[in-house]
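Notes follow the structure.
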Amino acid sequence: MSSWKKNLPLQLTLSRVYVLPFILFFLFYNNFLNAILASILFIIASITDYFDGYYARKWNLVSNLGKFLDPVTDKILVLGVLIYLNSMGSIDPFLVIILTLRDTFIGGIRAAAAADNIIIAAKSSGKWKTGMQMGSIPAIIVGKSYQQEIFTGFPQEVFHHLGQVGYIVLWFSTALSIISGIEYYSIYKNSKTHKT
């Protein structure tokens, strides 16, 4: 197998970290065009979350490092953008606090489970949470940055409503993140009980 194939899944995982500074750069120079560029980069980075696992399984390159970095890079991408959006006043700080605390808690559960040789499979609530975040964040970015009517038939209100919908969906994803956090804890606790 060629070296680029061996490195592709891991590089796709790490690309979510590589692209974050560029997303933040476009968000810093806040205008509609830069919001579009930031949203496109975020969507592309989100899609890599599927392809890194796909190619790792297809080419039998699944590794402990990849398993560890995959959720970590997801959190770096999402929380990095959300923290910046909060600094811009685009989202509620409590939303960021809840997600940060939840992800920190899950990180601790994963570390404890790994130490006990317990494998916790991804739950549907966690997958839905991730999907909602990947869709709602670009909608918020575009909706909050649109300032003027530049397309005939596309008034400002359309983009404003897009941002509002994205914000509601993001809160739903936050609720799901709490549910999935409780599920992870319950699974670990039950698995730990059965092993002892």
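Using a 4.5 Å cut-off on side-chain heavy atoms (C-beta onward), I44 and V19 make no contact. W171 is listed as a side-chain neighbour of T174, based on a closest heavy-atom distance under 4.5 Å. Using a 4.5 Å heavy-atom cutoff, the side chains of I76 and R16 are not in contact. Proximity of D116 to Y188: side-chain heavy atoms (C-beta onward) are separated by under 4.5 Å at one or more points. The side-chain heavy atoms of L99 and Q133, taken from C-beta on, include a pair separated by under 4.5 Å. In this structure, the side chains of W128 and F172 stay at 4.5 Å or more apart for every pair of heavy atoms. With contacts defined as side-chain heavy-atom distances shorter than 4.5 Å, the pair I106/Y185 does not qualify. Looking at heavy atoms from C-beta onward, L33 lies out of side-chain contact with F26 at the 4.5 angstrom threshold.
I23 and L41 make their closest contact through CG1-CB, 3.7 Å (heavy atoms, listed as atom of the first residue, atom of the second, distance). Considering all non-hydrogen atoms of both residues, P9 and D52 come closest at O-CB, 3.4 Å. Contact record, F159 with F32: CE2-CZ, 3.6 Å, taken as the closest heavy-atom pair. N86 and D92 make their closest contact through OD1-C, 3.9 Å (heavy atoms, listed as atom of the first residue, atom of the second, distance). Closest of all the heavy-atom pairs between T48 and S15 is CG2-OG, 3.7 Å. The two residues I141 and A35 make their nearest non-hydrogen contact at CG2-O, 3.6 Å.
Atoms CZ and CG, on F42 and L77 in that order, are 4.5 Å from each other to the nearest 0.5 Å. In this structure, CG in L10 is found 10.5 Å from CG in D70, a value given to the nearest 0.5 Å. Note that NZ of K75 is 9.0 Å distant from OG1 of T104, once rounded to the nearest 0.5 Å. We find the NZ-OH distance between K144 and Y167 to be 7.5 Å, quoted to the nearest 0.5 Å. Interatomic distance, OG of S39 versus CD1 of I140, reported as 10.0 Å (0.5 Å rounding). Here the straight-line distance linking atom CZ of R110 with atom CG of D103 works out to 9.5 Å at 0.5 Å rounding.
In this pair, Y50 and Y54 present their aromatic rings parallel. The plane angle is below 30°, not in the 30 to 60° band.
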Go through R102 and S180 one step at a time and tell me if the side chain to side chain donor-acceptor pair (under 3.5 Å) criterion holds.
CA-CA 9 Å; R102 180 267 184 193; S180 66; 2.5 Å; yes
N34 vs N31, side chain to side chain contact (heavy atoms under 4.5 Å, CB included): CA-CA, chis, key distance, verdict
CA-CA 5 Å; N34 285 340; N31 59 53; 3.2 Å; yes
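The side-chain contact (heavy atoms from CB on, under 4.5 Å) test with D49 is passed by exactly one of T13, T73, L12, D74: D74.
When the shell of 6.0 Å around OH of Y18 is examined, it contains more than 12 heavy atoms from other residues, nucleotides or ligands.
Hydrophobic clustering (ILVMFWY, side-chain heavy atoms < 4.5 Å, transitive): V62 and V72 are in distinct clusters.
Y184 has its ring centre no less than 6.0 Å from the ring centre of F105.
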